[in-house]
Asker: 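Just dropping this structure here.
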There are 2 protein chains.
Amino acid sequence: MAPRSAGKNAESSDKVGVICRALRRAIIEQALEPGAKLPEDSLGERFGVSRTIARHALGQLAAEGLVELRRNRIAVVATPSWQEARDAFDIRIELERLVVRQLAGKLTKAQVATLNAHVDAEDGARDGTDAVSIRLATEFHILLAQMTNSPILVRYVSEVAYRCCLTLSLYSRPHSTECAINEHRAIIAALVKGDEAKVMSLMHSHLDSVANRALVAPTPQRGRDLLDILAPYAEEGESDRVVKMPKVVRVR
Amino acid sequence: MAPRSAGKNAESSDKVGVICRALRRAIIEQALEPGAKLPEDSLGERFGVSRTIARHALGQLAAEGLVELRRNRIAVVATPSWQEARDAFDIRIELERLVVRQLAGKLTKAQVATLNAHVDAEDGARDGTDAVSIRLATEFHILLAQMTNSPILVRYVSEVAYRCCLTLSLYSRPHSTECAINEHRAIIAALVKGDEAKVMSLMHSHLDSVANRALVAPTPQRGRDLLDILAPYAEEGESDRVVKMPKVVRVR
DNA sequence: GGGCGCCAAACTGCATGCAATTCAGGCGCT
DNA sequence: AGCGCCTGAATTGCATGCAGTTTGGCGCCC
């Protein structure tokens, strides 16, 4: 078996886990945009399994809030409302404050090295695609959570961080991840120094600024219902301006 | 339909949702103790569905951490370690502080009435079984979370509260829910008064005391591995003292 | 008598098949 | 042309069947 991180949680089974991880990654890298359709058949075919398994994977992802499941309808990548996004960030802030509080001054040398290596990787990926930067930034936070050795905390932080990613792809502008990297470095430094209060406030403001960079206005760019998307076009009734429904990305 | 919180999340489908709710309730009322076996067949038969559905339900519950799924083995009700229990309570405190912070001074009259009614119900159930008291106490917290209108927060608070219930059935002594009721009343009062700081500290100490009442010692009564259970018997090698393995509760 | 190994029963892992529902596009009507 | 109905294709909901794994109990051997 490959040295998968496996974990001992639900999606460990095997095939289901593989599909979950793949989809999760595709979603947070925005290869699958919110609203993208995820038919069981295509998924199953793509991963070489039956619908049963694909279905199960979709169920798991739905439980994490990454996928929306409507009865008798094709599953789609979740499209959080602006309010839900805000809520997610609020929760995330509390959870991650808990993480760094537990971690302050308790990191081993190896852990610090791992963290630094990760931030270096983030740095290196700066001229790659946005998608990768976002994923790496998110994974930094998950990495931190893992160091608490609290499976529950890891799970919640991961989930909520993924959700925030989803949000980012909906409501944020072209993006600027640069400052985030410096903030990550600052957090590591404060953790090493063991200044609990400092690191908590750093994490708080870090996440707060990420949220604010993302959730600038309650009027999304591509967000929510297509009513919003079409609003700007509502005045100019040019018929050839009508966009052909982009036939959202199929998974196969 | 009962005024269930239903929500728009995963287990809405129907049958799967029914099974999830039933099992969840059975678990938190300790009708199913940690470690109890949950064979797909029996579940399916009991609820009049096929294994496919039962399986799916188990998957959902596993994602919530109430059920443990091991490959090729019968699913069992989760048995959180003492450390996991501690972690769960830590997370719960943060989340619920968030809840009451959002709620302070913002409750409608109707909501206050609902809360009071619930606490009255708790009061009325004091001479019922412990199981019911525990469930009601937990539901009070979930009720609060629901009033935030944040589905994500509701989900997380519910999950972690259920987990804590599970813990209680493992590590706590015969129990005393009495004081909890008064603390609930105090929280409502502070919420109405709108004293944010006060209500947050009340909630904090409330949960803290619940946790401490439950997680007294790192040496559980019936908890964890049976190694711990058998430790006291290790010295007296009386053969007729050997307890017949209690053949954990089957679901049918 | 106690421990070890084997075998049948129990159970899970997964695919497939069928019924029910939704979806898309074409046809007729206005 | 525009609008709505209607029908077939696509898709989900669910049960069942088969293969592989685990379980636990019986008999055998020590």
Side-chain angles (χ1 to χ4, degrees), chain A residues 1 4 6 8-20 23 35-63 67-77 226 237-240 242 244-252, chain B residues 8 10-20 23 35-63 67-77 226 237-240 242 244-252:
Chain A
M1 290 291 170
R4 274 279 119 57
K8 55 203 55 159
N9 59 12
E11 86 228 23
S12 55
S13 337
D14 205 11
K15 315 218 194 177
V16 172
V18 170
I19 300 182
C20 279
L23 285 185
K37 294 181 182 175
L38 302 169
E40 298 173 358
D41 289 332
S42 320
L43 249 49
E45 192 182 342
R46 179 69 187 72
F47 288 96
V49 299
S50 80
R51 285 200 306 121
T52 308
I53 305 305
R55 184 183 188 71
H56 203 82
L58 286 174
Q60 296 298 310
L61 292 172
V67 159
E68 209 168 320
L69 239 39
R70 304 107 95 210
R71 187 174 178 85
N72 282 325
R73 312 270 308 265
I74 301 183
V76 295
V77 175
L226 78 172
E238 282 188 36
S239 63
D240 69 331
V242 170
K244 186 175 186 296
M245 257 309 257
K247 188 66 170 176
V248 247
V249 199
R250 293 288 281 272
V251 89
R252 37 175 317 184
Chain B
K8 54 204 50 157
E11 85 228 25
S12 53
S13 341
D14 205 11
K15 314 216 194 177
V16 172
V18 170
I19 300 182
C20 280
L23 285 185
K37 294 181 183 176
L38 303 168
E40 299 174 357
D41 289 331
S42 321
L43 250 49
E45 191 182 341
R46 180 69 188 75
F47 288 96
V49 297
S50 80
R51 283 201 305 122
T52 308
I53 305 305
R55 183 183 188 71
H56 203 82
L58 286 174
Q60 296 297 311
L61 292 172
V67 159
E68 209 168 320
L69 240 40
R70 308 107 96 208
R71 186 171 179 88
N72 283 323
R73 312 270 309 267
I74 301 183
V76 295
V77 176
L226 76 173
E238 280 189 36
S239 63
D240 71 331
V242 170
K244 187 174 187 293
M245 258 308 256
K247 188 66 171 174
V248 249
V249 196
R250 293 288 280 272
V251 89
R252 38 174 320 185

Asker: Taking all non-hydrogen atoms of both residues, which atom of B:V67 and which atom of B:A75 are closest, and how far apart?
Answerer: CG1-CB, 4.1 Å

Asker: Identify which nucleotide among D:dG13, C:dA24, D:dC14 has an atom closest to any side-chain atom of A:K37, counting heavy atoms from C-beta outward.
Answerer: C:dA24

Asker: Could a donor-acceptor pair under 3.5 angstrom be found where the side chain of A:R51 meets the base of C:dG17?
Answerer: yes

Asker: In terms of side-chain heavy atoms of A:I53, which of D:dT16, C:dC14, C:dT16 is nearest?
Answerer: C:dC14

Asker: Within the pair B:R71 and C:dC14, is there a side-chain N or O less than 4.0 Å away from OP1 or OP2?
Answerer: yes

Asker: Please find the pair of heavy atoms, one from B:A62 and one from B:L69, that lie closest to each other, and give the distance.
Answerer: CB-CD2, 3.8 Å

Asker: Among C:dT12, D:dT16, D:dG13, which nucleotide sits nearest the side chain of B:S50?
Answerer: D:dT16

Asker: Rounded to the nearest angstrom, tell me the gap between atom CG in B:L43 and atom P in D:dA15.
Answerer: 13 Å

Asker: B:R55 side chain to B:G59 main-chain N or O, any donor-acceptor pair under 3.5 Å?
Answerer: no

Asker: To the nearest Å, how far apart are A:D14 CG and C:dG13 P?
Answerer: 11 Å

Asker: Can you tell me how far NE2 of A:H56 sits from OG1 of B:T52, rounded to the nearest 0.5 angstrom?
Answerer: 11.0 Å

Asker: If I take atom CZ in residue A:R55 and atom C1' in nucleotide D:dC14, what distance separates them, rounded to the nearest angstrom?
Answerer: 8 Å

Asker: Within the structure, does a side-chain N or O atom of B:R73 lie under 4.0 Å from either OP1 or OP2 of D:dT21?
Answerer: no

Asker: Name the closest nucleotide to the A:N72 side chain, picking from C:dC14, C:dG13, D:dT12.
Answerer: D:dT12

Asker: What is the separation between atom CD on B:E40 and atom C1' on D:dC18, rounded to the nearest whole Å?
Answerer: 15 Å

Asker: Rounded to the Å, how far apart are A:L69 CG and D:dT12 P?
Answerer: 10 Å

Asker: Of the nucleotides C:dC14, C:dT12, D:dA15, which one has an atom closest to the side chain of B:D41?
Answerer: C:dT12

Asker: Of B:A75 and A:T52, whose nearest nucleotide on DNA chain C comes first from the 5' end?
Answerer: B:A75

Asker: Starting at atom CD1 of A:I74, determine the distance to atom P of D:dA9, rounded to an integer number of angstrom.
Answerer: 17 Å

Asker: Let me know the distance between NE2 of B:H56 and P of C:dT12, rounded to the nearest Å.
Answerer: 17 Å

Asker: Closest heavy-atom contact between B:A57 and B:C20?
Answerer: O-SG, 3.8 Å

Asker: Please report the distance, rounded to the nearest Å, between CZ in B:F47 and P in D:dA15.
Answerer: 14 Å

